[in-house]
Amino acid sequence: MSIRTRFAPSPTGYLHIGGVRTALFNWLLTRHLGGQFILRIDDTDSERNRPEALQPILDGFRWLGIQWDEGPEVGGPVGPYFQSQRLESYREQAMNLLKQGLAYPDYLSKEELDAERKRAEKAKRAYIHRGPLRDLPPGEGYERYLQQPTAIRFRVPDDQTVIIPDAICGHCEQKSDLISDPVILRIDGSPIYNFASVIDDIAMKITHVVRAREHLTNTFTQMLMFSALGASIPVMAHVPVVNEPKSKKKLSKRDMKKFVTSEISDKLQAIGYTPEQIEARDDLNPATVAFYRELGYLPAGLINYLGRLGWSLDDKSELIPLDQMIAHFSLERVNSSSASFDPDKLYWVNGEYMRQVPTAEKVKMGIPYLHRAGWLPETPSDSQVALLTRIIEACGDRIKLYSDVLQFCPPFFMAELVYDPKAVEKRLLKIGARDHLQAFLKILTDTNDWVAANLDKVLHDYCTAQNIKPGEMVHPLRAATTGREIGFGLFDTLEILGKSVTLQRIQQTLNKFNL
RNA sequence: GGCCCUGUCGUCUAGAGGUCUAGGACACAGCCCUUUCAAGGCUGCGACACGGGUUCGAAUCCCGUCAGGGUCACCA
């Protein structure tokens with residue numbers, strides 16, 4: 001079976017985490033069953049539409065490897081894929097319904113509608129609009145419309161039960177008497193989303209509509225429209241909403257700025273963004289894909305995490321490679337309740353994927369961060385790359401995100417050592433630190449086999465002779481040579497630093513702190 | 001408020017009447033390893049929203065209550 005799914009974002013300037021999860025499910029379904037995943041741009045709302053706001057969305061998908069088979073920049077047989085370029089078809093279909101009496105012109109003013117709405121609210125019942133002209137004989141509505149164009153409403157049939165056999169939610173039903181007659185064409189002739197979406201789904205031969213749960217209520221109306229247009233109804237699947245971390249509230253597209261906490265802002269500043277830049281960019285927050293890309297997350301990590309949010313393979317799989325996800329994805333195993341986005345778990349998943357990344361790739365992806373922080377030129381020399389490679393090898397699994405290079409590399413690129421006050425306090429100003437550093441400095445001066453294994457041996461020999469624990473030497477030495485108390489293995493550190501820098505830094509530390 | 005949907009550890013989830021004194025993962029706590037950090041190993045903490053049915057038996061089916069969410073635009 002060949003299926004067709006679609007994702008229909010409006011050009012907002014960023015790819016939202018919740019949206020991309022929905023898109024991922026669509027994409028996985030087509031890759032699993034075989035078929036096409038279509039990207040269609042919902043830009044019918046001219047007020048909100050910004051043409052330049054599409055690129056970040058396409059970039060985001062490309063980065064994640066979610067390739068669309070038809071849509072912007074790739075074209076396809078049922079284009080155009082921008083709703084703003086399909087206006088004629090919506091109009092045509094609306095006229096069609098109008099002629100058949102399945103839609104009708106509505107001349108009520110905004111004030112009249114508001115009054116009606118208020119009345120309904122006061123009576124504590126839902127506002128269900130029924131225009132005065134809804135029962136005009138077929139043809140007459142069309143005539144009236146031609147004489148005096150106005151908004152067109154879809155005529156919801158009376159006394160029907162609309163059933164959505166939803167692939168995720170199961171059986172959902174609604175009485176048609178409780179469904180308002182929706183506007184399908186505005187007074188200016190432009191279509192409303194609900195209608196355009198149906199027209200396009202039919203025109204684009206969409207077989208599976210997989211979209212967010214917040215559209216479920218709309219779907220009752222759309223079911224009626226599919227029928228009125230004589231089209232068969234696609235498989236409907238409404239994926240549950242993604243909630244804010246540790247919350248039951250939807251991870252909203254509105255007000256994303258609130259996710260930029262001081263902690264998040266610190267993270268962004270650590271990778272080189274100024275507070276002004278953070279403030280200016282509305283896509284730099286944890287609700288967007290761009291944010292994770294900036295911090296050096298892996299596409300595969302994000303995909304795995306998002307795929308497991310609301311969907312599961314079995315009772316224990318957490319790390320599911322993409323080919324496995326594709327091989328086993330099904331709507332039946334999508335949960336029907338909403339799920340909270342968990343940054344901690346995403347971080348863990350990413351770390352697991354990062355272990356598979358070859359050193360050379362970490363070097364390549366780490367350079368831009370080091371460049372922005374001023375530690376390396378944009379194109380480092382061969383020797384700088386060689387040095388970075390040794391550092392990253394020594395880091396092992398400590399790098400969970402590409403931006404983590406900033407936590408481990410700087411001491412090796414500094415001309416003048418910067419000391420963390422805590423390291424000085426805890427590791428250098430301790431009784432005995434000075435004597436041991438001085439004594440060991442002499443030993444190191446005489447050490448010529450400058451490799452980690454030998455340095456390890458030399459230090460342990462010293463400790464045995466002095467009858468002290470290795471920790472008493474390791475900690476002051478790390479602080480004296482890197483200015484920090486945290487880092488990877490000390491002997492790797494000393495080896496990479498090299499003999500002359502090591503000796504010089506120890507001496508300098510002794511002088512500086514008057515030890 | 002009307003309508004629609006949902007309710008298993010803090011979070012993501014497994015669970016399709018007996019194999020559930022409810023399994024896994026993240027997080028958290030403790031211990032081990034150790035050279036700090038990370039990793040690893042072990043242990044612990046921790047949930048079927050509540051109340052009624054149906055049944056020999058219910059996390060699983062039914063009803064009600066409560067709670068949460070979504071939606072009620074000439075937005076998408």
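Everything numeric in this text was worked out from a predicted model, so none of it was measured. Every chain is numbered from 1, with letters handed out A, B, ... down the list of sequences.
- Not a single donor-acceptor pair under 3.5 Å links the side chain of A:Arg505 to the backbone N or O of A:Thr482.
- Counting non-hydrogen atoms of other residues, nucleotides and ligands closer than 6.0 Å to CD of A:Glu112 gives a total above 12.
- Looking at heavy-atom distances under 4.0 Å, A:Lys400 makes contact with sugar-phosphate atoms alone, never a base.
- With hydrogens and angles ignored, the 3.5 Å screen pairs no side-chain donor or acceptor of A:Thr359 with any backbone N or O of A:Glu393.
- Taking the C1' atoms as reference points, B:rC37 lies 47 Å from B:rA76, given to the whole Å.
- Under the 6.0 Å cut-off for aromatic ring centres, A:Phe488 and A:Phe412 qualify, their centroids lying closer than that.
- Contacts of A:Asn243 with the nucleic acid, taken as non-hydrogen atoms under 4.0 Å apart, are absent.
- Side-chain N/O atoms of A:Glu121 and base N/O atoms of B:rG2 include no donor-acceptor pair closer than 3.5 Å.
- Under the 4.0 Å criterion applied to side-chain N and carboxylate O atoms, A:Asp420 and A:Lys426 are not assigned as salt-bridge partners.
- For A:Arg398, the listed nucleotide lying nearest its side chain is B:rU36; candidates were B:rU11, B:rU36, B:rC12.
- OP1 and OP2 of B:rG24 both lie 4.0 Å or more from every side-chain N or O belonging to A:Arg308.
- Across all strands shown, A:Lys469 has no heavy atoms under 4.0 Å from either base or sugar-phosphate atoms.
- Look at the C1' atom in both B:rA47 and B:rG30: the space between them is 22 Å, to the nearest Å.
- Between the CD1 atom of A:Ile184 and the P atom of B:rC74 there is a distance of 13 Å, given to the nearest Å.
- Residue A:Phe408 is out of contact with every strand shown, counting any heavy-atom pair closer than 4.0 Å.
- With A:His328 contributing its side chain and A:Asp314 its backbone, the two residues share no donor-acceptor pair below 3.5 Å.
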Treating primed atoms plus P, OP1 and OP2 as sugar-phosphate and everything else as base, which nucleotides of nucleotides 58-64 of chain B get B, S or - for protein heavy atoms under 4.0 Å? -------
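- With RNA chain B read from its 5' end, the first of the two nearest nucleotides for A:Asn194 and A:Cys395 is the one closest to A:Cys395.
- Residue contacts for A:Leu490: at a heavy-atom cut-off of 4.0 Å it reaches a base atom on one of the strands shown.
- Side chain A:Arg478 to base B:rU35: a donor-acceptor pair is found below 3.5 Å.
- Residue A:Arg333 is in sugar-phosphate contact alone, with no base atom involved, counting any heavy-atom pair closer than 4.0 Å across all strands shown.
- Looking at heavy-atom distances under 4.0 Å, A:Phe488 makes contact with a base.
- Taking atom C1' on both nucleotides, B:rU54 is separated from B:rG64 by 15 Å, rounded to a whole Å.
- Phosphate proximity of B:rU71 to A:Lys250: present, with a side-chain N or O under 4.0 Å from OP1 or OP2.
- Contacts of A:Arg153 with the nucleic acid, taken as non-hydrogen atoms under 4.0 Å apart, involve only primed sugar atoms and P, OP1 or OP2.
- Comparing B:rG23 with B:rG15, their C1' atoms sit 9 Å apart, to the nearest whole Å.
- When the C1' atom is compared between B:rG51 and B:rG7, the two are found 15 Å apart, to the nearest whole Å.
- Rounded to a whole Å, the CZ atom of A:Arg119 is 17 Å from the C1' atom of B:rG1.
- If you take atom C1' in B:rC28 and the same atom in B:rU34, they sit 22 Å apart, rounded to whole Å.
- Counting any heavy atom pair closer than 4.0 Å across all strands shown, A:Lys316 reaches sugar-phosphate atoms only and no base atom.
- Under a 3.5 Å cut-off, the side chain of A:Asp181 and the backbone N or O of A:Arg130 do not form any donor-acceptor pair.
- Here A:Asp166 does not pair with A:Arg213 in a salt bridge; the nearest charged N to carboxylate O distance is not below 4.0 Å.
- No side-chain donor-acceptor contact under 3.5 Å links A:Arg398 to the backbone of A:Ile392.
- Taking 4.0 angstrom as the limit, A:Arg186 places a side-chain polar atom (N or O) nearer than this to OP1 or OP2 of B:rC75.
- Residue contacts shown for A:His215 include a base, since a base heavy atom lies under 4.0 Å away.
- Each of A:Leu185, A:Thr150, A:Leu146 was checked for a side chain to side chain contact (heavy atoms under 4.5 Å, CB included) with A:Pro105, and the lone residue meeting it is A:Thr150.
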Return a single string for nucleotides 3-8 of chain B, one symbol per nucleotide in 5' to 3' order, where B is base contact, S is sugar-phosphate-only contact and - is none, cutoff 4.0 angstrom on heavy atoms. SSSS--
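- Considering all non-hydrogen atoms of both residues, A:Tyr292 and A:Pro286 come closest at OH-O, 2.7 Å.
- The C1' atoms of B:rC74 and B:rC66 are separated by 39 Å, rounded to the nearest whole Å.
- Contact annotation for A:Gly351: no contact, since no heavy-atom pair falls under 4.0 Å across all strands.
- Residue A:Ala339 is classed as a sugar-phosphate contact, given heavy-atom separations below 4.0 Å to backbone atoms only.
- Among the protein residues, A:Ile164 comes within range of no part of the nucleic acid, since none of its heavy atoms lies under 4.0 Å from any strand.
- Projected onto RNA chain B by closest heavy-atom contact, A:Val474 and A:Lys110 fall at different nucleotides, the more 5' of which corresponds to A:Val474.
- For A:Tyr127, counting side-chain heavy atoms from C-beta on, the closest listed nucleotide (B:rA73, B:rG24, B:rU36) is B:rA73.
- Side-chain proximity of A:Lys345 to the nucleotides B:rU13, B:rC26, B:rA39 is greatest for B:rC26.
- Nucleic acid contact for A:Glu214: sugar-phosphate only, since backbone atoms but no base atoms lie under 4.0 Å from a heavy atom of the residue.
- For the P atoms, the distance from B:rA22 to B:rC45 is 11 Å, rounded to whole Å.
- In this structure, A:Phe154 has its ring center no closer than 6.0 Å to that of A:Phe195.
- For A:Asp342, taking side-chain heavy atoms from C-beta onward, the closest of the listed nucleotides B:rC74, B:rA14, B:rU11 is B:rU11.
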